[in-house]
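Proteins get letters first, then strands, A, B, ... in listed order; numbering begins at 1 in each.
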There are 2 protein chains.
Amino acid sequence: MLSHGRIWEAIDRLAADNNLSASGLARKAGLDPTTFNRSKRVAADGRERWPSTESLSKILVATGTEIGDFLGILDVHRGFGEPAAASFRGVPLLGLAQAGAGGFFDDAGFPAGRGWEEVEFPGRGENVFALQVSGDSMMPLYRAGDTIIVARDARVNRGDRVVVKTRDGEVMAKVVQRKTLKLVELASLNPAHPVRSVAVAEIEWMGRILWASQ
Amino acid sequence: MLSHGRIWEAIDRLAADNNLSASGLARKAGLDPTTFNRSKRVAADGRERWPSTESLSKILVATGTEIGDFLGILDVHRGFGEPAAASFRGVPLLGLAQAGAGGFFDDAGFPAGRGWEEVEFPGRGENVFALQVSGDSMMPLYRAGDTIIVARDARVNRGDRVVVKTRDGEVMAKVVQRKTLKLVELASLNPAHPVRSVAVAEIEWMGRILWASQ
DNA sequence: GTCGGAAGAGGTATTTATTCCTGTTCGACC
DNA sequence: GGTCGAACAGGAATAAATACCTCTTCCGAC
């Protein structure tokens, strides 16, 4: 299975793994920086754009990455003291609106047919754990008892939902609003609460929230 | 490493493994039979031609081949997007407030010590798939582009968030408010929208939402 | 708040892969 | 040997990806 979505995901992940944006990765590989623009992955008429094998080859060479790693294929014969890959499993993925049309489920109700892509759940990465919410200060997003999956020390961008643990022991779930070398501005998940600035030096660790239970 | 030569070799081998010629393989995949002609792999000026990722995808689908096998990467991949059990590691679970106290992470920042439980994820045999949200009618819970993990035909209780597909093709994410033998009352995730009653006979399938991406 | 570079959307031009087509070769079958 | 369909080479047309370009927005440094 080599799906459109899987390839683009792999490109985005490769960029992230190298602390690059998609345009930065393209640039690094000698390609035009707009080559992997999100806006160009699906044409206006809905047709999917498939990055060329030549472009893929170039980004792999530029980042020193094996194709197997790029595609998230485990190679048990490599056996080179690699730690177990993080917890993940591929889950078939389809657009919500698409699910209304026929042809996506077999007679037993399982995903079938063309159109299904794959999403990794709960995520790939070495330090992924779950935290259980208490209290209702994060309603309506997170109710008491909800579980959130957190990738600690993952790359975090503006707008990301994160868990932050400060040096004095406070743990909070917030949205990154702004990030500089010294300060992080954290907006509350509950708009009733004010934006809060935290010194980076005060932060013991930060993890990006990947999933929330429902 | 993904080289021109490696890809073409893989195509030829895939054809041979399926008792096909390169032109037969192309034909089988719905491509023009001349697509993989040897004569077209290197242009007259010496420039190498790289088959497109879309063409590769098509031949993999047509022959039921995994990309790892195609590229000669040993892969213990099994079934529909399932990695081998060995690579699936449980995700440790802790209370959010507890995470503020010491003793739950080791020096490298990984979960350690007592108090960690384990999150339960859907079992292998369950019919679990992901749907990608479009539009913003489900804000603030689900933004456009968010992915929700759905267990189709799972047991559903009052208060559960569900995806419902009706017989006339509508797909919607709602909260079960009341459920009788004949009727299901579905509250919207966006409180601005009214509660809706749907006859059970009108529902093609219902799936409980397990997780939402963040 | 200002500034400058990166990121990204969107449009056009150029390049490149596939498709369409024609003709030749090859191999199986009669 | 003749016939037929598949395989293959090669050229032109078409479709699709990248390159180039412009503009706007974002983001981090100061």
Query raised in the report: Does a side-chain N or O from A:Ser21 land closer than 4.0 Å to OP1 or OP2 of C:dA7, or not?
Result: yes
Query raised in the report: Would you say the side-chain atoms of A:Asp45 pair up with the backbone N or O of A:Arg47, donor to acceptor, closer than 3.5 Å?
Result: yes
Query - Charged tip of A:Arg13 within 45° of A:Phe70 ring normal and under 6.0 Å - result: no
Report summary line: note: A:Leu25, atom CG; C:dA6, atom C1'; distance rounded to Å ~ 15 Å
Query raised in the report: Contact class for B:Thr34 vs. all strands (heavy atom < 4.0 Å): base, sugar-phosphate, or nothing?
Result: base
Query - Separation of D:dA16 P from A:His4 NE2 (nearest whole Å) - result: 13 Å
Query raised in the report: On DNA chain C, nearest-nucleotide positions of A:Arg38 versus B:Trp50: which is more 5'?
Result: A:Arg38
Requested in this report: Give A:Pro51 one of three labels, base, sugar-phosphate or nothing, depending on what nucleic acid heavy atoms sit under 4.0 Å from its own.
Outcome: sugar-phosphate
Requested in this report: Starting at atom CG of B:Asp32, determine the distance to atom P of D:dA13, rounded to an integer number of angstrom.
Outcome: 16 Å
Requested in this report: Compare all side-chain heavy atoms of A:Phe36 with those of A:Ser23 and state whether any distance is below 4.5 angstrom.
Outcome: no
Query raised in the report: OP1 or OP2 of C:dA17 less than 4.0 angstrom from a side-chain nitrogen or oxygen of B:Ser52, does that happen here?
Result: no
Query raised in the report: What about B:Lys40: does its side chain form a donor-acceptor pair under 3.5 Å with the base of D:dG11?
Result: yes
Query raised in the report: For C:dA17, does either OP1 or OP2 sit under 4.0 Å from a side-chain N or O belonging to B:Arg41?
Result: no
Query raised in the report: For the residue pair A:Leu2 and B:Leu56, what are the closest heavy atoms and their distance?
Result: CD2-CB, 4.2 Å
Query raised in the report: How close or far is atom P of D:dA6 from atom CG of B:Asn37, stated in whole angstroms?
Result: 15 Å
Requested in this report: Take A:Tyr142 and A:Gln132, measure what side chain to side chain donor-acceptor pair (under 3.5 Å) needs, and give me the verdict at the end.
Outcome: CA-CA 10 Å; A:Tyr142 308 139; A:Gln132 189 159 42; over 6 Å; no
Query - Separation of atom CZ in A:Arg27 from atom P in C:dG5, rounded to whole Å - result: 12 Å
Query raised in the report: Of all the choices, C:dT19, C:dG10, D:dA9, which nucleotide is nearest to the side chain of B:Ser39 once you look at every atom?
Result: D:dA9
Query raised in the report: If each of A:Glu48 and B:Ala22 is mapped to the nucleotide of DNA chain D with the nearest heavy atom, which maps nearer the 5' terminus, i.e. the 5' end?
Result: B:Ala22
Query raised in the report: Could you give the CG-to-P distance, from B:Asn18 to D:dA7, as a whole number of Å?
Result: 13 Å
**Report entry** Nearest listed nucleotide, side chain of B:Leu31, among D:dA9, C:dA7, C:dT19
**Finding:** C:dT19
**Report entry** Closest-nucleotide ordering on DNA chain D, the 5'-leading residue of A:Pro33 and B:Leu20
**Finding:** B:Leu20
Report task. Measure the distance from CZ on B:Phe36 to C1' on D:dA6 and round it to the nearest whole Å. Result -> 17 Å
Report task. Could you check how far NZ of A:Lys58 sits from P of D:dA19, rounded to whole Å? Result -> 6 Å
